[in-house]
Amino acid sequence: MKLAIFASGQGSNFSAIVKAIKDGKIKVGLVVLVCDKPEARVISRAKKAKTAVILVKREDFSGRAEFEAAIIQRLKSYKIGLICLAGFMRMLSPGFVRKYHNRIMNIHPSLLPAFKGSHAIKDALDAAVPFTGVTVHFVDEEMDHGPVILQQKVRITSKDTLASLEKRIHSVEHKLYPRAIRFFCEGKIKVRGRKVEISNP
Ligand code: GAR
């Protein structure tokens with residue numbers, strides 16, 4: 001199984017997946033990083049991990065269709081079986097999602113459907129809810145939406161700051177994402193409509 005990671009930011013999830021592969025916890029070949037931000041820290045992490053990088057800047061293309069066509073074209077030779085979005089802050093078009101139907105996962109720092117969007121941790125803190133969490137899900141045409149694979153709760157305490165909550169959420173993410181990838185690679189995930197079934201987790 002060949003894996004591509006799409007990321008635009010720090011890349012801590014990228015590194016957690018690299019480590020899980022190195023430790024033999026997931027049998028997958030991480031063959032390429034797709035990144036849309038030349039300044040993103042994830043690029044240096046990919047170079048360190050000796051992973052190929054496809055850098056595609058949205059502003060170099062006249063529209064989303066051209067941008068995505070360039071990604072698809074450049075991914076072709078890798079024969080990708082799974083795409084993991086790890087802080088890739090762009091919506092993929094319905095056409096792209098259809099092409100990799102139920103083969104694109106996303107990680108999101110909330111218990112979806114609560115707190116969609118790019119400030120989910122701060123939004124949960126501001127809302128003063130007792131729990132937030134992490135969701136790994138298959139990607140569909142809507143933002144932070146699609147069949148849920150795994151979710152884990154994270155408690156919010158009265159002492160939490162954005163930094164402390166972010167830290168706990170990230171450490172949950174770094175375990176949950178490799179776990180979801182492992183289930184996928186082991187063929188344990190079945191999607192029935194909007195429901196995910198995992199056999200012998
Ligand atoms: C992660 O917390 C991920 O859940 C979030 O971006 C962060 C990327 O961190 N994704 C979303 O908010 C998607 N809507 P990283 O670059 O350190 O892996």
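The analysis underlying the following values was restricted to heavy atoms, covering all of them including side chains, and did not include hydrogens, waters or symmetry mates. When a ligand or atom number is given, it counts from 1 through the structure's own listing order.
- Interface atoms of ligand 1 facing G117, defined by a heavy-atom separation under 4.0 Å, are 12 (O), 14 (N).
- Not a single heavy atom of A120 sits less than 4.0 Å from an atom of ligand 1.
- Contact annotation: R41 has no heavy atom less than 4.0 Å from any atom of ligand 1.
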Apply salt bridge (Lys or Arg N to Asp or Glu O under 4.0 Å) to D36 and R90, showing your working. CA-CA 9 Å; D36 60 330; R90 279 188 188 284; 2.7 Å; yes

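- Using a 4.0 Å cut-off between charged side-chain N and carboxylate O, R168 and D160 make a salt bridge.
- Counting atoms of ligand 1 from 1 in the listed order, those under 4.0 Å from a heavy atom of Q10 are 16 (O), 17 (O).
- Contact atoms of ligand 1 toward D144: 13 (C), 14 (N) (distance under 4.0 Å to a heavy atom of the residue).
- Taking all heavy atoms of V42, N13, I5 into account, the minimum distance to atom 9 (O) of ligand 1 is reached by N13.
- Contact analysis leaves S8 out of contact with ligand 1, as no non-hydrogen atom separation drops below 4.0 angstrom.
- The shortest heavy-atom distance from G11 to ligand 1 is under 4.0 Å.
- Remark: R194 engages D140 in a salt bridge, criterion side-chain N to carboxylate O under 4.0 Å.
- Under the 4.0 Å criterion applied to side-chain N and carboxylate O atoms, K37 and E39 are not assigned as salt-bridge partners.
- Each of E173, K122, E166 was scored for a side-chain contact (heavy atoms from CB on, under 4.5 Å) with P109, with one residue passing: E173.
- Annotation: atom 10 (N) of ligand 1 to nearest protein heavy atom, I107 O, 3.5 Å.
- With hydrogens left out, the protein atom closest to atom 5 (C) of ligand 1 is P109 CD, 3.8 Å, a heavy atom.
- Of the possible polar contacts, one joining the T135 side chain to the L112 backbone as a donor-acceptor pair under 3.5 Å is found.
- The backbone N or O of S93 lies less than 3.5 Å from a partner atom in the side chain of E68, making a donor-acceptor pair.
- The cationic atom of K153 (NZ for Lys, CZ for Arg) lies less than 6.0 Å from the six-membered ring centre of F131 and within 45° of the ring axis.
- Interface of E173 with ligand 1, defined as ligand atoms under 4.0 Å from a residue heavy atom, comprises 1 (C), 2 (O), 3 (C), 4 (O).
- Residue H108 places at least one N or O, backbone or side chain, under 3.5 Å from an N or O of ligand 1.
- Of the heavy atoms in M89, only side-chain atoms (C-beta onward) come closer than 4.0 Å to ligand 1.
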